[in-house]
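Right, one structure below, let's go through it.
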Amino acid sequence: MSLQANDFELFDVPAQFAQDRAQLDTRWKALQREAHPDRFAAEGAAAQRMAMQWSVRINEAYQRLKDPLKRAAYLCELRGAPVQAENNTAMPASFLMQQMAWRESLDDTESLEGLEALADEVSAQQRRVQLELARLLDEAQDPAQAVGQVRALMFIERFTQEVNAKLDQLT
């Protein structure tokens, strides 16, 4: 295995959006055991440095593969459609309207019940976007269309953090 192998090759899993988290966790632990620098203590500093590089590479891949947003963005990039969220903020009008409505709800809602309802609504939309990403990346093989869904998921995840922060203030 090469340090330049993509994350899916490194973890020996299919290059697709749908992943089995338990399988990823098991593979991560196995790879970490194989590459742990302590296993190379008797082989000198160079072997330990290489093991440390492997350990870092394994951790980086694991962080990307276990997170749906990072995994989707990575797949888009691997398939020639980088997300470029900082340069491309175009979103469908319907999603922009949804964002505005959620923002207003977050600003106007002071009750725990209202915030929990908003959190549930946003969570349901997050699941729908993830299902659409699975369809676009795994079935339709359309990374260009998936890029828009990745950007939507980025917003949803940031907004979820804001909702959770306000919920924390109320509890």
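- Residues F17 and A72 come closest through the heavy atom pair CE1-CB, 3.7 Å.
- Taken to the nearest 0.5 Å, the CZ atom of R151 stands 12.0 Å off from the CG atom of L69.
- Scanning both residues, L24 and L65, for their nearest heavy atoms gives CD1-O, 3.5 Å.
- Annotation: salt bridge (charged side-chain N to carboxylate O under 4.0 Å, His left out) contacts involving residues 107-125, sequence neighbours excluded, comprise E110-K166.
- In the hydrophobic clustering of this structure, L106 groups with M154; members are Ile, Leu, Val, Met, Phe, Trp, Tyr whose side-chain heavy atoms approach within less than 4.5 Å, directly or through other members.
- With sequence neighbours excluded, the residues satisfying salt bridge (charged side-chain N to carboxylate O under 4.0 Å, His left out) with R103 are E162.
- Listed for the Q19 side chain is no donor-acceptor partner under 3.5 Å among the backbone atoms of R21.
- Judged as a salt bridge (charged side-chain N to carboxylate O under 4.0 Å, His left out), not a single pair has a partner in residues 69-83 (not counting sequence neighbours).
- Under the 4.5 Å side-chain heavy-atom criterion for ILVMFWY residues, a single connected hydrophobic cluster contains both L133 and I156.
- Every residue meeting the side-chain hydrogen bond (donor to acceptor under 3.5 Å, both in side chains) condition with S123, not counting sequence neighbours, appears here in chain and number order: R127.
- One finds the CD atom of E104 at 11.5 Å from the CG atom of L118 (value rounded to the nearest 0.5 Å).
- Tracing side-chain contacts under 4.5 Å through hydrophobic residues (I, L, V, M, F, W, Y), one reaches V83 starting from M91; they form part of the same cluster.
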- Tell me, with the steps shown, if V13 and R27 meet side-chain contact (heavy atoms from CB on, under 4.5 Å). CA-CA 9 Å; V13 295; R27 183 70 176 137; 5.7 Å; no
- Start with the C-alpha distance between E43 and Q48, add both sets of side-chain angles, then the distance that settles side-chain contact (heavy atoms from CB on, under 4.5 Å), and finish with yes or no. CA-CA 7 Å; E43 295 182 35; Q48 285 183 315; over 6 Å; no
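- With values rounded to the nearest 0.5 angstrom, T160 atom OG1 is found 10.5 Å from Q125 atom CD.
- Scanning for side-chain hydrogen bond (donor to acceptor under 3.5 Å, both in side chains) contacts around S55 gives Q32, with sequence neighbours left out.
- Legend: residues meeting salt bridge (charged side-chain N to carboxylate O under 4.0 Å, His left out) with R158, ordered by chain and number and at least two apart, are absent.
- Within the structure, the ring-ring contact (aromatic ring centres under 6.0 Å, His included) test picks out the following pairs touching residues 57-115 (sequence neighbours left out): F8-Y74, W28-Y62, F95-F155, W102-F159.
- Remark: side-chain polar atoms of Q23 are not paired, donor with acceptor, to backbone N or O of D20 under 3.5 angstrom.
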Review item, side-chain donor-acceptor pairs of residues 140-147, under 3.5 Å, at least two apart:
from : atom 1 : to   : atom 2 : distance (Å)
Q141 : NE2    : L137 : O      : 3.1
Q141 : NE2    : D138 : O      : 3.1
D142 : OD1    : Q145 : N      : 3.2

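- By the 4.5 Å heavy-atom criterion applied to side chains, N164 and L167 are counted as neighbours.
- Two different hydrophobic clusters hold L131 and V122 under the rule that ILVMFWY side chains link at heavy-atom gaps under 4.5 Å.
- The pair R135-E132 meets the salt-bridge criterion, since a charged nitrogen lies less than 4.0 angstrom from a carboxylate oxygen.
- Here the shortest heavy-atom pairing between L153 and V129 reads CB-CG1, 4.0 Å.
- In terms of the side-chain hydrogen bond (donor to acceptor under 3.5 Å, both in side chains) criterion, R49 has no residue partners (sequence neighbours excluded).
- The ring-ring contact (aromatic ring centres under 6.0 Å, His included) contacts involving residues 107-136 comprise nothing, where partners must be two or more places apart or lie in separate chains.
- Annotation: salt bridge (charged side-chain N to carboxylate O under 4.0 Å, His left out) contacts of R128 (sequence neighbours excluded): none.
- Within the model, atoms CZ of F40 and CE of M52 stand 11.5 Å from one another, a figure rounded to the nearest 0.5 Å.
- A single hydrophobic cluster is not seen to contain both V150 and L136; linkage of ILVMFWY side chains at heavy-atom distances under 4.5 Å, directly or through other members, places them apart.
- For R64, the side-chain hydrogen bond (donor to acceptor under 3.5 Å, both in side chains) criterion is met by D7, not counting sequence neighbours.
- Residue I58 comes nearest to A35 through the heavy atom pair CD1-CB, 3.7 Å, listed as atom of the first residue, atom of the second, then distance.
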